[in-house]
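For reference, the structure discussed in these notes is given below.
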Amino acid sequence: MVFPGQLLSGGDYSEGYYSYSGVCATEVEYCQLALGRVYDLSQIIPDFTLQILNVFSRTIASKQHWEECLMLPDAKLRLAAFLTMWWQTCSTLPAGNDYVRLPLSKKELAALLGMSLSTLNRAFQLLSDEQQIDLHKKYIRILPGVH
């Protein structure tokens, strides 16, 4: 799972090229940059190298969080961890917009999180019953004090 502002992967760049493919669950914008151009851009754009390092750092940290999320044995905790990551990714929303749209259908989300659709629905219900989330169709809000 790659969130906005992250690299598709931090793979091996030693060959001078990097090829990767992915499937998008939502509409995306992307920037393809030839590896040889990184140095050129660093010479003409102030703080470019620092910006690239920040992207790498955020991507690595997010992947670590994602792996930790997937390793959680409890479905409710796994869903809560995913929703918290998604909520934080969408934290740049304008003030007053409390709800964010889930990036996937429930069926896709269940498959992504390694659980059945019925288990996912039970986990959503538990989180709702515990007043950790407010779910309206494809829109969710993490309730205050949870994240």
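Numbers for residues simply follow the sequence, beginning at 1.
- Glu67 places no side-chain N or O within 3.5 Å of a backbone atom of Gln64 that could act as its donor or acceptor partner.
- Interatomic distance, Arg141 CZ to Ile133 CD1, rounded to the nearest 0.5 Å: 11.0 Å.
- In the hydrophobic clustering of this structure, Trp66 does not group with Leu77; members are Ile, Leu, Val, Met, Phe, Trp, Tyr whose side-chain heavy atoms approach within less than 4.5 Å, directly or through other members.
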Notebook entry, point to check: side-chain contact (heavy atoms from CB on, under 4.5 Å) between Leu126 and Leu79: does it pass, once the steps are laid out?
Noted result: CA-CA 10 Å; Leu126 285 170; Leu79 175 60; over 6 Å; no
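- Shown here is Lys107, whose NZ atom has no more than 12 heavy atoms of other residues, nucleotides or ligands within 6.0 Å.
- For the atom pair Cys69 SG and Met85 CE, the distance stands at 4.0 Å (nearest 0.5 Å).
- In this structure, Glu68 and Leu72 have side chains that are not in contact, with every pair of non-hydrogen atoms separated by 4.5 Å or more.
- Between Phe124 and Thr119 there is no side-chain heavy-atom pair separated by less than 4.5 Å.
- In the hydrophobic clustering of ILVMFWY residues, with side-chain heavy atoms under 4.5 Å counting as a link, Leu113 and Leu117 come out together.
- For the atom pair CZ (Phe82) and CG (Leu120), the distance works out to 10.0 Å, reported to the nearest 0.5 Å.
- Side-chain polar atoms of Asp134 and Tyr99 form a donor-acceptor pair below 3.5 angstrom.
- Residues Ile142 and Gln132 form no side-chain contact, since every pair of their non-hydrogen atoms from C-beta on lies 4.5 Å or further apart.
- No hydrogens or angles considered: nothing links the side chains of Ser128 and Gln125 as a donor-acceptor pair under 3.5 Å.
- Under the 3.5 Å distance criterion, the side-chain polar atoms of Trp86 are matched with a main-chain donor or acceptor of Arg101.
- When atom types are taken as modelled, the side chain of Asp47 and the backbone of Leu50 share no donor-acceptor pair closer than 3.5 angstrom.
- The NE2 atom of His136 lies 12.0 Å from the CG atom of Leu102; values are rounded to the nearest 0.5 Å.
- Using a 4.5 Å heavy-atom threshold, the side chains of Lys76 and Glu130 count as touching.
- Hydrophobic clustering, with ILVMFWY side chains joined whenever heavy atoms are under 4.5 angstrom apart, keeps Leu41 apart from Leu53.
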Note to self: Let's go through Leu127 and Leu83 carefully: what are the C-alpha distance in whole Å and the side-chain angles of both, what is the deciding distance for side-chain contact (heavy atoms from CB on, under 4.5 Å) to 0.1 Å, and is it a yes or a no?
What the structure shows: CA-CA 11 Å; Leu127 291 172; Leu83 293 175; 4.1 Å; yes
